[in-house]
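Inspection log for the structure reproduced underneath, given as structure tokens.
What you see is a predicted model; the values in this text were computed from it and never measured. Just so it is clear: chains get the letters A, B, ... in the order the sequence lines come, proteins before strands, and each one is counted from 1.
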Amino acid sequence: MAKAITRRSEDYSKWYTDICLRAELADYAPVKGCMVIRPNGYAIWENIRNALDSMFRETGHRNAYFPLFIPESFLKKEAEHVEGFAADCAVVTHGGGKELEEKLYIRPTSETIIWHMYKKWISSYRDLPLLYNQWANIVRWEMRTRLFLRTTEFLWQEGHTAHATEREAREETLTMLEVYRRFAQDYMAMPVICGKKTEREKFAGAVDTYSIEAMMQDKRALQAGTSHYLGQNFARAFDVQFQSQEGRLEYVYATSWGVSTRLIGGLIMTHSDDNGLVLPPKLAPTQVVIVPIWRSDQQRAEVLEAAGKIKSVLQGVSVEIDDRDNVSPGWKFNDHEVKGVPVRLEIGPKDIQNSQVVAVRRDTGEKSTTPMSAAGEVIPKLLSQIQAALFNRAKALLDDNSYPVETYDDLKSKVDQPGGFLYAHWCGGHECEDRIARETKATIRNIAIDAPREEGACIICGEPSPHRVPFAKAY
RNA sequence: CGGGGCGUGGCGCAGUUUGGUAGCGCGCUUGAAUGGGGUUCAAGAGGUCGCCGGUUCAAGUCCGGCCGCCCCGACCA
């Protein structure tokens, strides 16, 4: 018996790490806080990237690439931004064996260098909007790291757009938030709540930050994507003005938005179980694995031939035939379970005889028998059923663990056990929010744009509150 | 930065208390049988015990120093 995966009930955090390592998604790199994304993990990232990339294209964006190094002076141009990021940066002081005249920061995010360039490219309303995105790596010197969820270096996508009007920029911010919501729901099978971050939680340099927030199986929140309305902050800092149709000189309005490899952490903690990784079919690198079973060489040939036929019938489905001869079928079952392949097909001599195939769902473990002739229709259908079932299960967890709390004592007693999203009245004041965060470690995840109006009193100060906001502990 | 843990074949660990020929399990290689839920047997390969210094006839083990990683917390996506 190989070493078992730690059970969620025993140690959720250890379980998470076990999944990452055992499913061979990632491994620890020699540098503290850094990880290697292994092919199994990277293939998921590629699927995420491909899906998002086409959604970005459909909304009019183009990809570009900006450099890794940012001159120190750039980072200092926007006051809040430097305060938020400067301390978390890796800094290059030497190059080519000489001390540099100006230090180079490894980008923690690219607003500054991008807005430096936008100044060159924007002079008229005719140059707007600029709708750029880049896929890149960034570095933030975090104190405490966790595979995928928070690593020193990580991969992400950052959109940076420039607009002539506030209205247009605000629309863009919400459009991209909606893209993220749709992606989370349709591809990751991960339901999220959308809304605006509080002042305390917003991005350094933004006017408004919006986020999608998911609930993990331990009922903690995961901020899974952010979309910022930057107003004219960066345009002013980098002096990016344009001449409007009316001939006035105006500062450009900006947005930025991003998701990262953290999404893979979210994917793991949303769907996986004590037996290993569980992946939604739409993002699974291998959607179907065929495990052929044989004894004699003749059976081997027959079974492999049947497996090949099934594979060829499943056009548009990512199918792998596991024909390894050095491990037993039972070993393979386990292996693909740990690695999260959504559907396993077993084909052995018995099945050949009955001209059928046995299908096993990763999410439920349910076995079914399908006539080989029907596999072409049944299997794709099964994959979409799994995709839907995963979403429904996650949605049920989110719904079942979102509930109102009426008093601060109530919140305090429930924030750890049972946990979840605790909806409470809040006056909107920074002090009340801060006290709750300090004393309970629960933060306001976001404020729904269409939060139903409900008059109430702040659970801290008693001042009027127009609606409830969700408090939760977050990753 | 504070607290905890760990550094010994590829991986997981024992051995350190009481100094005396470096071990176990898994994996790997070869062969045979096996094959519908982590298969069995046999034979092999593989280690300057994190680094530097000291004590000693003799150090994985004792002493001093250093380095690194992981986990928990403060910071954050």
Side-chain angles (χ1 to χ4, degrees), chain A residues 1-6 11-14 16-18 20-22 24 27-35 83-85 87-89 108-109 138-158 180 197 200-204 209 211-214 221-228 256-266 275-276 291-297 299-300 303 322-338 344-354 356-358 360 365 367 369 437-438 441 443 445 474-475:
Chain A
M1 273 292 248
K3 54 252 156 199
I5 294 167
T6 307
D11 184 341
Y12 192 81
S13 169
K14 181 123 200 312
Y16 173 78
T17 305
D18 283 354
C20 291
L21 298 175
R22 293 283 307 286
E24 295 176 2
D27 204 349
Y28 292 104
V31 176
K32 182 193 176 101
C34 293
M35 69 171 172
E83 199 183 321
F85 283 109
D88 305 330
C89 290
T109 177
I138 63 176
V139 168
R140 295 183 189 172
W141 216 262
E142 303 289 352
M143 295 172 189
R144 197 151 122 50
T145 54
R146 260 149 106 31
L147 294 172
F148 291 112
L149 295 174
R150 178 168 297 104
T151 46
T152 301
E153 179 191 3
F154 58 96
L155 305 183
W156 80 344
Q157 144 285 309
E158 47 181 327
Y180 289 154
K197 287 290 196 182
R200 182 182 191 272
E201 303 285 326
K202 77 175 192 191
F203 174 74
T209 289
S211 73
I212 56 169
E213 306 273 337
L222 183 79
Q223 180 174 306
T226 47
S227 184
H228 314 291
S256 69
W257 28 274
V259 298
S260 72
T261 36
R262 166 178 259 203
L263 288 179
I264 296 174
N275 297 322
V291 178
I293 296 150
W294 65 77
R295 288 178 201 221
S296 63
D297 280 349
Q299 285 174 334
R300 187 191 145 125
V303 156
D322 187 350
D323 60 358
R324 286 177 290 178
D325 203 3
N326 58 334
V327 288
S328 67
W331 198 94
K332 291 176 186 177
F333 295 167
N334 216 281
D335 189 40
H336 296 294
E337 238 161 56
V338 170
R344 176 177 82 237
L345 297 181
E346 304 174 11
I347 308 176
K350 282 183 239 164
D351 304 302
I352 301 273
Q353 214 161 41
N354 302 323
Q356 62 176 32
V357 55
V358 176
V360 184
K367 276 195 188 192
T369 306
R438 241 184 8 255
K441 309 226 164 76
T443 49
R445 297 324 304 157
Y475 276 96

Closest listed nucleotide, where the reference is the side chain of [X] and the choices are [options]:
| X | options | answer |
| --- | --- | --- |
| K367(A) | G37(B), G36(B), A77(B) | G37(B) |
| D335(A) | G35(B), G38(B), A77(B) | G38(B) |
| P349(A) | A77(B), G36(B), G37(B) | G36(B) |
| R344(A) | G35(B), G37(B), G36(B) | G37(B) |
| Q223(A) | A74(B), G36(B), A77(B) | A77(B) |

Using only side-chain N and O atoms of [X], determine if any of them is under 4.0 Å from OP1 or OP2 of [N].
| X | N | answer |
| --- | --- | --- |
| R295(A) | G35(B) | yes |
| S328(A) | G38(B) | no |
| Y28(A) | C71(B) | yes |
| S13(A) | C72(B) | yes |
| K441(A) | A74(B) | yes |
| R144(A) | G73(B) | yes |

query: Does the ring center of Y475(A) lie less than 6.0 Å from the ring center of F148(A)?
result: no
Considering only the [atom1] atoms, how many Å lie between [N] and [M], rounded to the nearest integer?
| N | M | atom1 | answer |
| --- | --- | --- | --- |
| U55(B) | G64(B) | C1' | 11 Å |
| U16(B) | U8(B) | C1' | 11 Å |
| C49(B) | G19(B) | C1' | 15 Å |
| G9(B) | U29(B) | C1' | 15 Å |
| G60(B) | G7(B) | C1' | 12 Å |

Does [X], at its [atom1] atom, have more than 12 non-hydrogen atoms belonging to other residues, nucleotides or ligands within less than 6.0 Å?
| X | atom1 | value |
| --- | --- | --- |
| E83(A) | CD | no |
| R295(A) | CZ | no |
| W141(A) | CH2 | no |

Check: Where do K350(A) and Q356(A) land on the side-chain hydrogen bond (donor to acceptor under 3.5 Å, both in side chains) test, with the steps shown first?
Finding: CA-CA 8 Å; K350(A) 282 183 239 164; Q356(A) 62 176 32; over 6 Å; no
Output the rounded distance in Å from [atom1] ([X]) to [atom2] ([N]).
| X | N | atom1 | atom2 | result |
| --- | --- | --- | --- | --- |
| D325(A) | U30(B) | CG | C1' | 16 Å |
| L21(A) | C69(B) | CG | P | 17 Å |
| Q157(A) | A77(B) | CD | P | 16 Å |
| L149(A) | C71(B) | CG | P | 11 Å |
| K332(A) | G35(B) | NZ | C1' | 9 Å |
| F333(A) | U39(B) | CZ | P | 11 Å |
| R150(A) | C70(B) | CZ | P | 15 Å |
| Y12(A) | C71(B) | OH | P | 16 Å |

Ranking F85(A) and E346(A) by the position along RNA chain B of their nearest nucleotide, the one closer to 5' is E346(A)
Assign each of T226(A) and I352(A) the nucleotide of RNA chain B bearing its closest heavy atom; nearer the 5' end lies the nucleotide of I352(A)
R445(A) side chain to E213(A) main-chain N or O, any donor-acceptor pair under 3.5 Å? no
Q. Between Q157(A) and V259(A), is there a donor-acceptor pair closer than 3.5 Å when you use the side chain of the first and the backbone of the second?
A. yes
Could you check whether [X] gets within reach of a base, just the sugar-phosphate, or nothing at all, counting any heavy atom under 4.0 Å?
| X | result |
| --- | --- |
| V291(A) | nothing |
| G276(A) | nothing |
| R324(A) | nothing |
| T151(A) | base |
| K350(A) | base |
| D88(A) | nothing |

Can you sort out the partners of T109(A) under side chain to side chain donor-acceptor pair (under 3.5 Å), two or more places apart, ordered by chain and number?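 With neighbours one apart ignored, the set is E111(A).
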| said: Testing the 3.5 Å rule here: is there a donor-acceptor pair between the side chains of T6(A) and D18(A)? | reply: yes
- Any donor-acceptor pair under 3.5 Å joining the side chain of N275(A) to the base of G37(B)?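 No, no donor-acceptor pair under 3.5 Å.
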Distance-only donor-acceptor test, R146(A) side-chain atoms vs G73(B) base atoms, 3.5 Å: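 Such a pair does not exist between side chain and base.
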Stem segments of RNA chain B by first residue number [Watson-Crick or G-U, under 3.5 Å, at least 3]:
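Correct response: B:1-7 with B:67-73, B:10-13 with B:23-26, B:28-33 with B:39-44, B:50-54 with B:62-66.
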TODO: Just say parallel, tilted or perpendicular for the rings of F203(A) and H228(A), cut-offs at 30° and 60°.
DONE: parallel
Minimum heavy-atom distance between S211(A) and T226(A), given as atom pair plus value: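 Scanning both residues completely, I find the closest heavy atoms to be CB-CG2, 4.1 Å.
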Between V360(A) and the options E346(A), H336(A), E337(A), the side-chain contact (heavy atoms from CB on, under 4.5 Å) test singles out E346(A)
Polar-atom pairs under 3.5 Å, protein N or O versus N or O of nucleotides 1-10 of chain B: list them with distances, or write none.
none

